[in-house]
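These numbers come from a predicted model, not from an experiment. Numbered from 1 within each chain, the chains take letters A, B, ... in sequence-line order.
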2 protein chains.
Amino acid sequence: MSTKTSNEKPGSIRARSEAVILAAAQKEFILQGYKGATVQSIADTAGLPKANVLYYFKNKENIYHAVLQLTLDTWDRGIGDIDSSQGPVVAIEKFIAAKVKMSFEHPQASKIYAMEIIQGALHLKEFARTYLRQWVREKAKLFQVWIDNGEMKNVDPVKLIFLIWSTTQHYADFETQILTIMNRADYEEDDMTQVTEFLTDFILRGCGLKP
Amino acid sequence: MSTKTSNEKPGSIRARSEAVILAAAQKEFILQGYKGATVQSIADTAGLPKANVLYYFKNKENIYHAVLQLTLDTWDRGIGDIDSSQGPVVAIEKFIAAKVKMSFEHPQASKIYAMEIIQGALHLKEFARTYLRQWVREKAKLFQVWIDNGEMKNVDPVKLIFLIWSTTQHYADFETQILTIMNRADYEEDDMTQVTEFLTDFILRGCGLKP
DNA sequence: GTCTATAGCTGGATAGAC
DNA sequence: GTCTATCCAGCTATAGAC
């Protein structure tokens with residue numbers, strides 16, 4: 001993971017343009033889907049002429065790949081690891097907190113990722129088959145050790161990981177629905193805190209790590 | 001909810017064609033997105049000429065609306081209610097079982113719904129603002145009564161509903177990822193049973209309804 | 001590096017024969 | 001009710017002036 005997308009000086013005109021385009025593209029791909037997002041709409045959102053966008057990225061497919069790469073880098077930076085040094089309670093607490101933070105701070109990344117998976121993960125199959133599968137197996141092993149040592153209840157570790165993923169990502173992917181149901185325009189300051197507390201509390205109890 | 005999409009005789013040629021087209025459209029809309037799915041591709045999947053598809057549905061937008069309506073009807077039939085007559089344990093058990101069943105038996109419906117929400121819920125805002133918001137408030141009130149009566153732990157009822165939705169739907173929406181990680185081609189017979197058991201067990205414990 | 005113009009193609013939708 | 005042919009809008013991508 002963490003493959004640098006490009007490697008020019010950070011302040012350069014190219015670097016800045018690419019960043020603006022990618023942010024615009026991410027937004028458009030989420031709202032309109034791959035086919036629905038047009039190079040023109042991406043350019044408009046980025047505030048650049050269409051030709052410039054194609055000058056930097058050659059073609060639409062390349063833009064999409066760059067957006068996906070950005071998404072995976074974000075994922076990796078946000079929750080690349082589980083801290084297993086201090087036992088299951090701390091590990092789960094930190095893991096949930098990191099995932100919730102990701103969902104509230106980078107909902108776009110979560111949404112792009114979710115859409116890719118729902119649509120069959122054509123571009124992410126390789127990522128899932130290698131990196132992600134490995135990741136899940138490693139972390140599941142950690143949990144299994146704690147279970148075998150009687151440090152936590154016997155809950156299927158893989159299903160536990162899926163549960164933590166789904167409950168945390170939900171606040172990013174289903175943002176629109178959650179806000180509509182709660183009759184609110186945006187998440188507020190302490191929504192993230194409350195969600196983190198609720199999920200940590202609930203999941204620790206589910207793992208038999210809390211009264 | 002439960003608005004009949006059309007009302008001709010079930011055996012009629014029109015009824016059969018419409019059903020075939022909608023099933024094909026659902027598949028295509030998931031795989032390619034709204035813009036990416038072409039009337040031609042829907043027709044091909046349905047095994048009909050393009051003109052016939054447009055003969056039945058007038059235009060692409062109408063096909064999509066019909067698919068969404070079908071999705072909401074499925075949602076409604078599957079988990080339209082929570083049985084509150086026998087206390088929180090039975091209510092939660094039945095609710096989880098119904099949602100998991102939905103996810104394994106109608107993953108397409110869940111996927112179409114998820115994509116709509118992720119993309120901003122343009123077509124479902126009204127459904128969420130009225131029906132869904134009301135539904136959540138009613139059910140939350142049930143949980144609140146049980147909490148006030150000391151029949152279950154004090155967990156935020158709305159967040160609990162979101163948690164049950166997210167964990168159950170995950171097995172439909174992220175099907176591809178789950179199967180890839182577990183290195184399997186398809187879900188098998190007892191996957192549904194195991195997931196139901198795991199989630200029921202875990203969530204009841206989270207609610208303080210199990211040792 | 002920026003932008004205009006346009007070639008070339010795809011796809012939605014209709015007309016009209018059967 | 002079924003299907004072919006076709007029109008036209010909109011999109012990607014490139015050529016080339018500045």
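- If you take OH of B:Tyr34 and P of C:dG11, they are 14 Å apart, rounded to a whole angstrom.
- Residue B:Tyr55 has no polar side-chain atom (N or O) positioned under 4.0 Å from OP1 or OP2 of C:dA13.
- Of the two residues near DNA chain C, A:Pro49 and B:Glu61, the one whose nearest nucleotide lies more 5' is A:Pro49.
- For A:Ala51, taking side-chain heavy atoms from C-beta onward, the closest of the listed nucleotides D:dT12, C:dG1, C:dT4 is C:dT4.
- With a 4.5 Å cut-off on side-chain heavy atoms, A:Lys125 and B:Thr176 count as touching.
- Between B:Asp81 and B:Lys139, at least one side-chain nitrogen of the basic residue sits less than 4.0 Å from a carboxylate oxygen of the acidic one, meeting the salt-bridge criterion.
- Atom pair B:Asn52:CG and C:dA17:C1' shows a separation of 14 Å (rounding to whole Å applied).
- Among the nucleotides C:dC3, D:dT2, C:dG11, the one closest to any side-chain atom of B:Thr38 is C:dG11.
- Remark: A:Asn59 is not in phosphate contact with D:dT12, judged by side-chain N or O atoms under 4.0 Å from OP1 or OP2.
- In summary, B:Arg129 and B:Glu126 engage in a salt bridge, as defined by a charged side-chain N under 4.0 Å from a carboxylate O.
- Comparing D:dT4, C:dG12, C:dC3 by their closest approach to the side chain of B:Val39 singles out C:dG12.
- Computed from coordinates, the A:Ile42 CD1 to D:dG10 C1' distance equals 16 Å when rounded to whole Å.
- Checking D:dC3, D:dG1, C:dG1 against the side-chain heavy atoms of B:Tyr56 singles out D:dG1 as nearest.
- For A:Lys35, taking side-chain heavy atoms from C-beta onward, the closest of the listed nucleotides C:dG11, D:dA13, C:dT2 is C:dG11.
- Side-chain N/O atoms of B:Lys50 and base N/O atoms of C:dG11 include no donor-acceptor pair closer than 3.5 Å.
- Distance, B:Leu48 CG to D:dG1 P: 13 Å, rounded to whole Å.
- Distance B:Ile21 CD1 to D:dT2 C1': 12 Å, rounded to the nearest Å.
- The side chain of A:Leu54 approaches D:dA13 more closely than any other nucleotide in the set D:dA13, C:dG11, D:dT2.
- In this structure, A:Gly36 and A:Lys58 both approach DNA chain D, and ranking their closest nucleotides by distance from the 5' end singles out A:Gly36.
- Note that A:Lys60 lies in the cation-pi zone of A:Tyr34, set by a 6.0 Å cut-off to the ring centre and a 45° limit from the axis.
- Rounded to an integer number of Å, the gap from CD of B:Gln40 to P of D:dC3 is 13 Å.
- Taking 4.0 Å as the cut-off between side-chain N and carboxylate O, B:Arg205 and B:Asp201 count as a salt-bridged pair.
- Here the nucleotide nearest the side chain of A:Lys60, chosen from D:dC3, D:dT12, D:dT2, is D:dT12.
- Counting any heavy atom pair closer than 4.0 Å across all strands shown, A:Ala43 reaches no nucleic acid atom.
- Relative ring orientation between A:Trp165 and A:Phe162 is described as tilted, the plane-to-plane angle lying within the 30° to 60° band.
- If you take CD of B:Gln32 and P of C:dT10, they are 15 Å apart, rounded to a whole angstrom.
- Of the candidates D:dG1, C:dT2, D:dC3, the closest approach to any side-chain atom of B:Arg14 belongs to D:dG1.
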